[in-house]
Protein chains: 2
Amino acid sequence: MDEGGNEAFAAQDETLRDAAFSDGAVRRPITLADVAREARVGESTVSRVLRSHGSFSEKTRARVEAAVSRLGYVPNRIAGTLASTGSRLIGIVIPSLTNIVFPDLLRGATAALEQEGFQSVIAVTDYDQDREEAVVGSLLSWRPAGLIVTGLEHNPGTRRRLVASGVRVAELLDTDGPGLDIVVGYSNRAAGEASARHLAGRGYRRIGYIGHDLSKDKRAAKRYAGFRDGLNQAGLALAGEERVASPSSVEAGRHGLEALLARVPDLDAAYFSNDDMALGGYFHCLAHGLPVPGRLALFGYNGLDVGRLMPQPLATIRTPRVEAGATAARLLCTGAPGTVVDLGFELIEGATA
Amino acid sequence: MDEGGNEAFAAQDETLRDAAFSDGAVRRPITLADVAREARVGESTVSRVLRSHGSFSEKTRARVEAAVSRLGYVPNRIAGTLASTGSRLIGIVIPSLTNIVFPDLLRGATAALEQEGFQSVIAVTDYDQDREEAVVGSLLSWRPAGLIVTGLEHNPGTRRRLVASGVRVAELLDTDGPGLDIVVGYSNRAAGEASARHLAGRGYRRIGYIGHDLSKDKRAAKRYAGFRDGLNQAGLALAGEERVASPSSVEAGRHGLEALLARVPDLDAAYFSNDDMALGGYFHCLAHGLPVPGRLALFGYNGLDVGRLMPQPLATIRTPRVEAGATAARLLCTGAPGTVVDLGFELIEGATA
DNA sequence: GTCCGGATTGGCAGCGCTGCCAAATCTTGC
DNA sequence: GCAAGATTTGGCAGCGCTGCCAATCCGGAC
């Protein structure tokens with residue numbers, strides 16, 4: 001059923017656009033020199049006033065501002081950046097926009113950057129290290145003041161470019177390994193271990209893992225490794241696992257749990273690579289009348305809002321993603337080189353385990 | 001319970017960074033002139049080779065590329081943009097990063113833009129038209145080749161800036177009204193109406209609305225208006241409504257439905273301002289043992305994946321958000337002025353209504 | 001009235017690249 | 001072998017702004 005779907009191309013009302021040209025003049029973009037002429041001051045004076053930098057009289061300020069608004073002048077930051085030393089751009093490289101955790105990170109970072117007067121340029125890698133190398137190169141060509149990247153694992157080429165460029169780099173959402181400069185995040189390994197300890201401590205013994213493609217998502221792989229270690233420390237082993245060959249999603253979680261239960265029917269707990277997956281698992285249990293956590297316990301990762309609002313709140317680990325973005329942004333602007341900030345995580349007991 | 005949360009600041013291994021300076025030379029950034037000297041050709045020749053623009057011999061190409069890789073040259077797009085006429089930047093203005101629909105839009109747009117060789121700069125307005133005006137000004141100072149904004153409603157100041165700048169503008173996710181230039185989306189009014197027709201057609205008579213703050217979210221307000229019209233056309237009126245004074249969320253949906261049912265206990269269907277809200281409503285029903293749709297039917301908007309995977313698939317309207325982003329991006333690069341594309345929407349019957 | 005120091009202002013050389021044009025080099029046909 | 005044309009190449013003037021420096025102005029001290 002497809003409604004409202006008529007492909008319609010039509011010329012729009014041009015009144016507004018015409019109005020912009022109503023003076024009949026040729027639309028040469030307005031430059032700082034135009035403003036200077038209009039205000040009868042020098043170019044550098046206009047520049048000083050607009051940036052509130054250096055000294056100028058109140059009278060001059062008023063004249064310049066009047067000229068600016070009369071002409072509708074918009075400064076050209078391209079030219080400004082080229083002329084001055086550093087840009088006010090920060091590049092942000094994230095693996096995906098499909099999972100809400102990365103928009104969360106962006107949200108924290110852009111809000112903090114805006115406060116400091118920076119603009120963010122984003123690029124998405126689709127969890128592909130070769131694409132990461134390419135987008136890092138592309139971002140560096142804008143001569144950013146800093147770069148925020150996700151994770152600690154990068155191609156040799158990416159590392160070389162980052163280091164050679166000399167720009168500040170912040171690596172996010174992982175502290176399990178050495179970083180290039182600033183590192184802000186939490187230990188994914190420890191999160192996996194904590195999850196295992198929690199489930200083992202609750203008395204679950206037949207624990208399975210449902211995950212997505214771990215070859216590209218290094219942080220999920222670290223949680224998985226930590227989880228197995230945690231089970232071993234408790235004298236347990238994974239009772240079974242299912243890796244869905246796709247990015248994480250509610251669907252992958254639902255089908256993954258179904259597949260795993262078919263192979264390992266006596267599972268008593270399921271650890272998911274994240275909350276989306278766990279929500280899918282929960283839906284499977286609801287749909288098939290499997291009591292949670294009586295018949296099967298569920299445990300996620302990320303602490304998304306949705307988990308808190310399920311009929312039974314999801315047992316999970318809350319990660320400070322927005323804070324990580326904001327912290328990284330601030331440190332890029334002001335922090336000492338080599339600063340590492342472990343923001344930690346919080347285990348939420350919920351009611352599904 | 002807070003683990004792994006030790007705030008740790010430590011100097012990182014500096015080996016890599018030092019390596020970059022191991023030649024002992026002062027790190028003056030490498031410019032195109034350096035490459036030209038190294039390759040023993042003119043600057044314009046290097047420029048032509050790097051942009052594959054104009055003609056040059058195979059031998060020259062090889063020489064230049066060897067010099068580039070020997071020196072590790074990264075072109076400076078700031079300078080390139082200033083020197084050439086147009087930039088390869090597109091500004092994207094979205095109201096929020098909290099709701100997955102906007103990352104979806106970004107995803108479509110950035111993917112398409114990358115193909116065309118453009119980079120995107122994003123800005124977030126928090127659904128505030130004054131902030132929109134500010135971020136539009138800020139984006140325009142980067143002299144973008146085009147701007148993607150959300151919705152058709154803007155401050156007079158925003159409209160003036162957009163028009164005066166002369167950049168191409170695409171307005172997204174709404175076709176209910178006149179646009180400035182390119183418009184890509186679907187009719188929110190029609191979506192609301194279709195939802196009402198569907199519920200009425202299914203025999204529901206006591207239909208309520210659960211929404212969020214509509215004063216800022218103009219598209220949700222249009223759906224609401226369309227929904228009321230649709231009910232009227234079917235000879236019905238809204239049996240009650242609940243507006244949660246917060247952005248849309250699962251939580252708002254859950255609490256909103258609870259509040260509405262307390263006031264209007266004989267409701268037989270609930271229309272939510274979007275799927276997140278509807279999911280919250282579904283969770284409320286599950287938690288309180290209300291049969292869906294027997295006791296209460298639920299209807300959402302957006303067609304998120306999660307709705308499809310609920311034990312009973314959510315009745316909703318699927319909107320082509322990723323496609324809208326991609327289409328807008330392509331039209332900005334190549335489309336005729338004033339192009340309006342209505343991508344339509346799809347009503348998904350699901351099992352909750 | 002003159003001088004001094006600080007506040008204010010303007011001029012201009014770049015920032016690194018591209019676009020234009022003219023110069024140099026290579027082809028081709030006869 | 002040579003001219004006409006095509007291909008390849010280099011020089012250089014900006015793009016619009018900022019940073020530096022010198023010039024100018026002002027008020028108060030002498």
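Chain letters run A, B, ... following the sequence lines, proteins first, then strands; residues in each count from 1.
Side-chain to base pairing of B:Ser84 with C:dG19: no donor and acceptor N or O lie closer than 3.5 Å to each other.
Each of B:Arg40 and A:Thr81 was assigned the nucleotide of DNA chain D with the nearest heavy atom; the assignment lying further toward the 5' end belongs to B:Arg40. Taking for each of A:Thr60 and A:Arg143 the nucleotide of DNA chain C with the nearest heavy atom, the 5'-most of the two is the partner of A:Thr60. Projected onto DNA chain D by closest heavy-atom contact, A:Asn76 and B:Arg48 fall at different nucleotides, the more 5' of which corresponds to B:Arg48.
Contact annotation: A:Ser57 side-chain N/O to C:dT9 OP1/OP2 distance is under 4.0 Å. Contact check, A:Thr45 against C:dG10: a side-chain N or O comes under 4.0 Å of OP1 or OP2. Of the side-chain N and O atoms in B:Ser44, none sit less than 4.0 angstrom from OP1 or OP2 of C:dT18. Regarding contacts with the backbone of D:dG19, a side-chain N or O of A:Arg51 is found under 4.0 angstrom from either OP1 or OP2. One finds a side-chain N or O of A:Ser55 lying less than 4.0 angstrom from the OP1 or OP2 phosphate oxygen of C:dT8.
In this structure, CZ of A:Phe56 is placed 14 Å from P of C:dA7, rounded to the nearest angstrom. For B:Leu82 and D:dA13, the CG to C1' distance is 13 Å, given to the nearest whole Å. Per the geometry, CD belonging to B:Glu43 stands 10 Å off P belonging to C:dT18, to the nearest Å. Taking atom CZ on B:Arg37 and atom P on D:dG11, their separation rounds to 12 Å, with Å as the unit.
In this model, a donor atom of one side chain and an acceptor atom of the other lie less than 3.5 Å apart for B:Arg51 and B:Ser47. Under the 3.5 Å distance criterion, with hydrogens and angles disregarded, no donor-acceptor pair is assigned to the side chains of B:Arg107 and A:Ser96.
Between A:Arg168 and A:Asp181 a salt bridge is recorded (basic side-chain N to carboxylate O distance below 4.0 Å).
Under a 3.5 Å cut-off, the side chain of A:Arg330 and the backbone N or O of A:Ala112 do not form any donor-acceptor pair.
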